[in-house]
Amino acid sequence: MSKETKAKSIIEPKVLKGFRDFLPSMEIPKKAISNKLETHFSSYGFVPIDTPVLEYTEVLLGKGGGETDKQIFHFNDNGGRDVALRFDLTVPFARFLAQHQQELALPFKRFHINKVWRGENPQKGRYREFTQCDFDIVGVDNAEADYEILSMMDSSFSVMGIDNYEFHIAHRGLFNAFLSHLGLLEESVEILRTVDKLRKIGEEEVLSQLQDITGDLQKAKAVLSYISKEDEQEGFLATLDRLSLLAGGETEHTNRMKTIYSYLCSAGIESHFTFDPSITRGLDYYTGIVYETFLTEIPHFGSVCSGGRYNDLASLYTKQQLPGVGSSIGLDRLLAALEELKSPIVSSASSSDVAIFNSDASLFATYDKVAREMRQQGLRVDVYLQNKKQTAQYKWAEMNAIPFAVLFTEDDLQSDTLTLKNLINRETYSSISIKEAIAYIKKDIH
RNA sequence: GUGGAAGUAGUUCAAUGGUAGAGCACCAGAUUGUGGAUCUGGCUGUUGCGGGUUCGAGCCCCGUCUUCCACCCCA
C-alpha cells in the first residue's frame, strides 16, 4: 500500500460531544471510589441490581414527558421499536419494581452504579454520558427510611475521603402546603423552577420573576421570604418552624422533618445538614424530602449527590403503592470536582504499590519469586519486564505513580535480602528481608 | 436546542496576510552509576476539519467538529 492511500484510509479517531475516554489516571480513582461505595452500601444491607441501558421510550418518559423529552437519546431500533437510552437510574428502577414486585421482599434496599445518558449541552462536570450511583429504599414511607438515606449519604462522603461537603435539605410537601395556603398551587411548577435559581440570580431577580408568575407582589414577597433565611445562622429547627408558620401551621411534613432531624442529632452528624428552602429539585416525581449536596470549596460545580422521596413513581407502572426514597451520586461530576480541587484521591491514582526493577534479565525468576510473595500478602506488584537503564525504570514508575521500588544489589543476592526505595521521599532501606519490605509498604499505603 | 469565546508540536505559549518558532517534555549517545545534574545530537506539526477570498491564509470570510462559558435543565 502506498503512503498516500494508507493515509487516506485512516479514520480519524474521535468521540462524540459530551462522551469521553477514561485514561487509567481517571479510571483508577473512579473504580476505587465505586468499589468503596459498593462495600459501604453493602454494610447497610443494600443489594446491587442492574437494568438494561436501552428501554422502550414510553417506559422512560412515563406520561409526563416535558423537559426529559428534549434531553433523552431516543431512536427506532432495527425492528422499528421506539427505544431510548436511560436518562437516570430511578425511572428504570420504578419499572423494575413494578415488574418484579412478587420476587422482592419489602422494604427493598438497592444500589445501582452505572452509566446514564442525557442529550444536554456539555460543560465542565456535565456530560452526555455519565455514571450515576443510586441508592434507594422502597416500601417504607417514614422518617426512619428518610434518615437512613441521609445517614448513608453522609457516611459515603467520609468513605470516599471527602471532608468539605454540605447537604441542603428541603421538603416538597411542605412547600406545596405553603403554596396551597397562598392559593398558588396551580403555578407550583414555575415557582419551584424560579426558586431553584435563588443561589444563582439573587433575591431581586427571583422576586421580579415571581411577581411575573403570580401577578401579585405580596404573594411574590411571601414566596421569597419563605425561601430566604432570616440570617445565615438560622438553625435547622428555626427554619422549619418559620416555614411551618408560613404554610399555615404544623403539618405531618413538619413532624416528619423534626423526627429526621432528631435522628441526625442522635447520630451526631447534624452539622453537615442545613435546611435550605430554596432547594426544590427540577424532577417532578418528588413528593417529600429533597436534597442536594455541595462541595464547600466549589459550590458552583453544582450538586454532586441529590435525591428525595418519591411516593408515586411506581404508580406509572403498577397499582400497588410503592413509596420510595433515594439518592444519587454523580460520580463523573464528583471526579471532575476532585480533580479541580487537586484531591489526592485523583492525583495519587497508582497502578500498583511496588515496582520490581530489572537490572539483569537473567534474574527474572528472582524478581518473580519476590513479586509472588508480595502479591500473596495483598500488595499490587509490577515487575519491570525488560532490562532497561535505571532512569527509564524510575521514570516509568513515576508515570504510573508507583510509590515503591525493589532493587537487588550484589550483597542482596548473596544474603537473600533486597533494597527497598520509597520513590516519593527517596528514602532507601538496604539489606532488608521481604517480610520487612512488605511491612514498610503496607504501613505507608494504609 | 439557543447565544458567546476558543482551537498552532506531547504540553505551555509565540508568529503586521509574506519560508510556522521558543521553553519544557520526549528520543539517542556521552558522563555518572542504583533517578531528578551536565554535555552533544535529534525528532515533532497536513496550524481541529472542509470550502472560499487572495499572487500568497495560522491570520480574513463561510460551513463543520470539539472544548469552555451563559441560557435551559441537572449529576
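Within every chain, numbering begins at 1; the chains are lettered A, B, ... in the order of the sequence lines, protein sequences first and strands thereafter. Hydrogens, waters and symmetry mates play no part in the numbers below; they use all other heavy atoms, side chains included.
- If you take atom P in B:rU44 and the same atom in B:rG4, they sit 40 Å apart, rounded to whole Å.
- To the nearest angstrom, P of B:rA75 lies 15 Å from NE2 of A:His168.
- How far CZ of A:Phe273 is from CG of A:Leu264: 5.0 Å, rounded to the nearest 0.5 Å.
- Considering only side-chain atoms of A:Arg118, the nucleotide from B:rC74, B:rG35, B:rU67 that sits closest is B:rC74.
- Exactly one residue among A:Tyr291, A:Phe294, A:Phe236, A:Phe157 makes a ring-ring contact (aromatic ring centres under 6.0 Å, His included) with A:Phe167. That residue is A:Phe157.
- The gap from the C1' atom of B:rC27 to that of B:rG10 amounts to 12 Å, rounded to the nearest Å.
- Pairing for B:rA6 goes to B:rU66, judged as Watson-Crick or G-U wobble with the two contacts each under 3.5 Å.
- Closest to the side chain of A:Arg333, out of B:rU67, B:rA70, B:rC74, is B:rC74.
- Taking the C1' atom of each, B:rG42 and B:rA5 are spaced 38 Å apart, rounded to whole Å.
- With respect to A:Phe111, the ring-ring contact (aromatic ring centres under 6.0 Å, His included) criterion is satisfied by exactly one of A:Phe41, A:Tyr44, A:Phe93: A:Phe41.
- Remark: B:rG1 base-pairs with B:rC71. Criterion, Watson-Crick or G-U wobble with two distances under 3.5 Å.
- Here, B:rU32 and B:rC68 have their C1' atoms 47 Å apart, quoted to the whole Å.
- A:Tyr440 places no side-chain N or O within donor-acceptor distance of the main-chain N or O of A:Lys435, the cut-off being under 3.5 Å.
- Residue contacts for A:Gly307: at a heavy-atom cut-off of 4.0 Å it reaches no nucleic acid atom on any strand shown.
- Nucleic acid contact for A:Leu423: base, since at least one base atom lies under 4.0 Å from a heavy atom of the residue.
- One atom, CH2 of A:Trp117, and another, P of B:rA75, lie 16 Å apart when rounded to the nearest Å.
- A:Lys421 comes within 4.0 angstrom of a base, heavy atoms only.
- The backbone N or O of A:Tyr286 lies less than 3.5 Å from a partner atom in the side chain of A:Arg172, making a donor-acceptor pair.
- Using a cutoff of 4.0 Å between basic side-chain nitrogens and carboxylate oxygens, A:Arg118 and A:Asp88 are not scored as salt-bridged.
- Taking atom CZ on A:Phe157 and atom P on B:rA75, their separation rounds to 13 Å, with Å as the unit.
- Side-chain proximity of A:Asp196 to B:rC74, B:rC73, B:rU2: nearest is B:rC74.
- Straight-line distance between the P atoms of B:rG45 and B:rA75: roughly 45 Å, to the nearest whole Å.
- Each of B:rC73, B:rC74, B:rA75 was ranked by its minimum atom distance to the side chain of A:Ser303; first place goes to B:rA75.
- Nucleic acid contact class of A:Cys133 (heavy atoms, under 4.0 Å, all strands): none.
- Comparing B:rG1, B:rC73, B:rC68 by their nearest atom to the side chain of A:Gln71 picks out B:rC73.
- Applying the 3.5 Å distance criterion, the base of B:rC72 shares no donor-acceptor pair with the side chain of A:Arg193.
- Atom NZ in A:Lys395 sits roughly 4 Å away from atom P in B:rC26 (whole-Å rounding).
- B:rG18 and B:rC55 make up a base pair, with Watson-Crick or G-U wobble contacts both under 3.5 Å.
- Distance alone, capped at 3.5 Å, is enough to place a donor-acceptor pair between the A:Thr296 side chain and the A:Asn164 backbone.
- Checked against B:rA75, B:rC73, B:rG35, the side chain of A:Lys197 finds its nearest nucleotide in B:rC73.
- When distances are taken from the side chain of A:Lys17 to each of B:rG1, B:rG35, B:rA75, the shortest belongs to B:rG1.
- Look at CG on A:Asp360: it is 16 Å from C1' on B:rG33, rounded to the nearest Å.
- One interatomic measurement links the two molecules: CZ of A:Phe87 to P of B:rA75, which rounds to 7 Å at whole-angstrom precision.
- The distance between atom CD of A:Gln209 and atom P of B:rC71, rounded to the nearest whole Å, is 11 Å.
- Of all heavy-atom pairs spanning A:Glu297 and A:Leu341, the tightest one is CB-CD2, 3.8 Å.
- A gap of 31 Å separates the C1' atoms of B:rU40 and B:rU47, to the nearest Å.
- Of the nucleotides present, B:rC27 is the one that pairs with B:rG41 by Watson-Crick or G-U wobble criteria, both distances under 3.5 Å.
- When each of A:Glu120 and A:Gly18 is assigned the nucleotide of RNA chain B bearing its nearest heavy atom, the one mapping closer to the 5' terminus is A:Gly18.
- Of the C1' atoms belonging to B:rU31 and B:rC24, the separation is 23 Å, rounded to the nearest Å.
- Place A:Phe408 and A:Asp332 on RNA chain B by their nearest nucleotides, and A:Phe408 ends up nearer the 5' end.
- Here B:rC68 is the nucleotide among B:rA70, B:rC68, B:rA75 with the atom lying nearest to any side-chain atom of A:Lys124.
- Comparing the P positions of B:rC13 and B:rG18 gives a spacing of 24 Å, expressed to the nearest Å.
- A 3.5 Å limit on both hydrogen-bonding distances identifies no Watson-Crick or G-U partner for B:rG35.
- Within the nucleic acid shown, A:Asn121 comes within 4.0 Å of at least one base atom, counting heavy atoms only.
- Among the atoms of the strands shown, base atoms are found under 4.0 Å from some heavy atom of A:Tyr127.
- Rounding to whole angstrom units, CZ of residue A:Arg128 and C1' of B:rU67 are separated by 13 Å.
- Of all nucleotides present, none satisfies the Watson-Crick or G-U wobble test against B:rU46 with each distance under 3.5 Å.
- A salt bridge is defined here as a Lys NZ or Arg NE, NH1 or NH2 lying under 4.0 Å from an Asp or Glu carboxylate O, and A:Lys442 with A:Asp353 fails to meet this definition.
- Using a 4.0 Å heavy-atom criterion, one finds that A:Gly119 contacts no nucleic acid atom at all.
- Here the side chain of A:Gln123 is nearest to one of B:rC68, B:rC69, B:rG1, namely B:rC69.
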